Amino acid sequence: MLAREALLDRAMGPKRRKKSSEKLRRGRRPSEGLAFVARDPSGAVVGTVRLWDVTLGENGPAALLLGPLAVEPGLKSGGIGSALMRHAVAEAARLGHGAILLVGDAPYYGRFDFSADRTGSLSMPGPYERHRLLALELKEGALDGAKGTIKAAGRKVKALEFLA
């Protein structure tokens with residue numbers, strides 16, 4: 001969706017494509033049923049969040065990687081991001097997923113019960129700030145024994161989708 005990509009560029013800038021999280025998303029489709037947008041009354045996309053299938057380490061448990069969460073810059077602090085987060089977490093739980101990980105600011109994501117408490121044995125591919133790797137267990141014990149590098153999983157993008 002071009003509107004989503006344009007919003008992400010406005011909200012996060014061109015360097016967003018170089019982040020470690022992006023390496024896990026590249027060439028993949030979001031987890032089934034876990035891609036959301038917020039629209040203003042005219043129908044314009046003003047917020048977005050998606051969750052992606054990942055594996056925690058070599059042959060480790062499945063989990064989701066959340067991101068990026070973005071809101072139209074002029075509308076930040078209006079509750080759009082919080083609403084998208086609450087909806088994304090609730091839908092992931094409803095669909096039976098065990099855990100969600102993300103790379104982000106603990107003070108913001110802590111409001112949604114994300115923390116670095118369970119991510120000490122996990123790492124991202126490429127550079128990242130360890131204290132920003134956060135997780136939320138949707139099922140108790142979902143992160144028990146999780147260790148190693150987070151790996152992309154899930155549906156791959158078909159070559160023709162890049163042309164659309």
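In what follows, every heavy atom counts, from backbone to side chain, and hydrogens, waters and symmetry copies are set aside. Just so it is clear, the model here is predicted, and its values are computed rather than measured.
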Checklist line | Interatomic spacing from CZ in Arg29 to CG in Asp53 - rounded to 0.5 Å | finding: 11.5 Å
Checklist line | For Pro125 against Lys23, the heavy-atom pair lying closest together | finding: O-CD, 4.1 Å
Check: Can you name the nearest heavy-atom pair linking Ser21 to Val103, along with the distance?
Finding: OG-CG2, 3.7 Å
Next item on the list: Would you mind reporting whether Ser123 and Tyr128 have side-chain heavy atoms less than 4.5 Å apart?
Entry: yes
Notebook entry, point to check: What pairs meet the ring-ring contact (aromatic ring centres under 6.0 Å, His included) rule with one or both residues in residues 45-94, with sequence neighbours excluded?
Noted result: Phe36-His87
Note to self: Main chain of Gly79, side chain of Ser82: is a donor-acceptor contact present, judged purely on distance under 3.5 Å?
What the structure shows: no
Margin query: Any non-hydrogen side-chain atom of Ile150 less than 4.5 Å from a side-chain atom of Leu65?
Written below: no
Check: Is the shortest heavy-atom distance from the side chain of Leu34 to the side chain of His97 under 4.5 Å?
Finding: yes
Notebook entry, point to check: Minimum heavy-atom separation for Gly98 to Ala142, with atom names?
Noted result: O-CB, 3.2 Å
Next item on the list: For the residue pair Ile100 and Phe114, establish whether any side-chain heavy-atom pair is separated by less than 4.5 Å.
Entry: yes
Notebook entry, point to check: Which residue pairs satisfy the salt bridge (charged side-chain N to carboxylate O under 4.0 Å, His left out) criterion with at least one member in residues 63-85, sequence neighbours excluded?
Noted result: Arg10-Glu72
Notebook entry, point to check: What pairs with Ala83 under side-chain contact (heavy atoms from CB on, under 4.5 Å), at least two apart in sequence or on another chain?
Noted result: Arg86
Check: salt bridge (charged side-chain N to carboxylate O under 4.0 Å, His left out): which pairs involve residues 116-128, sequence neighbours left out?
Finding: Arg118-Glu137, Arg118-Asp144
Check: Considering all heavy atoms of both residues, which atom of Val71 and which atom of Gly81 are nearest to each other, and what is their separation?
Finding: CG2-N, 3.6 Å
Note to self: Give me the atom names and distance for the closest heavy-atom approach of Leu134 to Ala106.
What the structure shows: CD1-CA, 3.8 Å
Note to self: Going by the rule side-chain hydrogen bond (donor to acceptor under 3.5 Å, both in side chains), which residues pair with Ser42 if we only count those two or more places apart in sequence or in a different chain?
What the structure shows: Asp40
Next item on the list: Would you give the length of the straight line joining atom CG of Leu7 to atom CG of Leu2, rounded to the nearest 0.5 angstrom?
Entry: 12.5 Å
Note to self: Is there a continuous path of hydrophobic side-chain contacts, each under 4.5 Å between heavy atoms, that joins Met85 to Leu138?
What the structure shows: yes
Margin query: So does Pro30 get a backbone contact from the side chain of Arg155, meaning a donor-acceptor N/O pair under 3.5 Å?
Written below: yes
Checklist line | Separation of Leu51 CG from Ser31 OG (nearest 0.5 Å) | finding: 7.0 Å
Next item on the list: Identify the two heavy atoms, one from Leu64 and one from Ala92, that lie closest to each other, and give their separation to 0.1 Å.
Entry: CD1-CB, 3.6 Å
Check: If two hydrophobic side chains count as joined below 4.5 Å and joins carry through other members, does Leu84 share a cluster with Tyr108?
Finding: yes
Next item on the list: Report yes if some heavy atom in the side chain of Lys151 is under 4.5 Å from a heavy atom in the side chain of Val54; otherwise report no.
Entry: no
Item checked: Any side-chain heavy-atom pair of Arg28 and Arg25 under 4.5 Å -> no
Item checked: Minimum side-chain heavy-atom gap Leu122-Leu101 below 4.5 Å -> yes
Note to self: Any heavy-atom pair between the side chains of Leu69 and Tyr109 that's under 4.5 Å?
What the structure shows: yes
Notebook entry, point to check: Counting distance only, does the side-chain N/O of Arg39 pair as donor-acceptor with the main-chain N or O of Val46 below 3.5 Å?
Noted result: no
Check: What distance do Thr119 atom OG1 and Leu143 atom CG have between them, rounded to the nearest 0.5 Å?
Finding: 9.0 Å
Next item on the list: Look at the side chain of Thr48 and the backbone N and O of Ala70, then say whether any donor-acceptor pair between them is shorter than 3.5 Å.
Entry: no
Next item on the list: Any chance you could measure Leu75, atom CG, to Ile80, atom CD1, to the nearest 0.5 Å?
Entry: 4.5 Å
Note to self: Under the salt bridge (charged side-chain N to carboxylate O under 4.0 Å, His left out) definition, can you give me all pairs with a residue in residues 102-111, not counting sequence neighbours?
What the structure shows: Asp105-Arg132
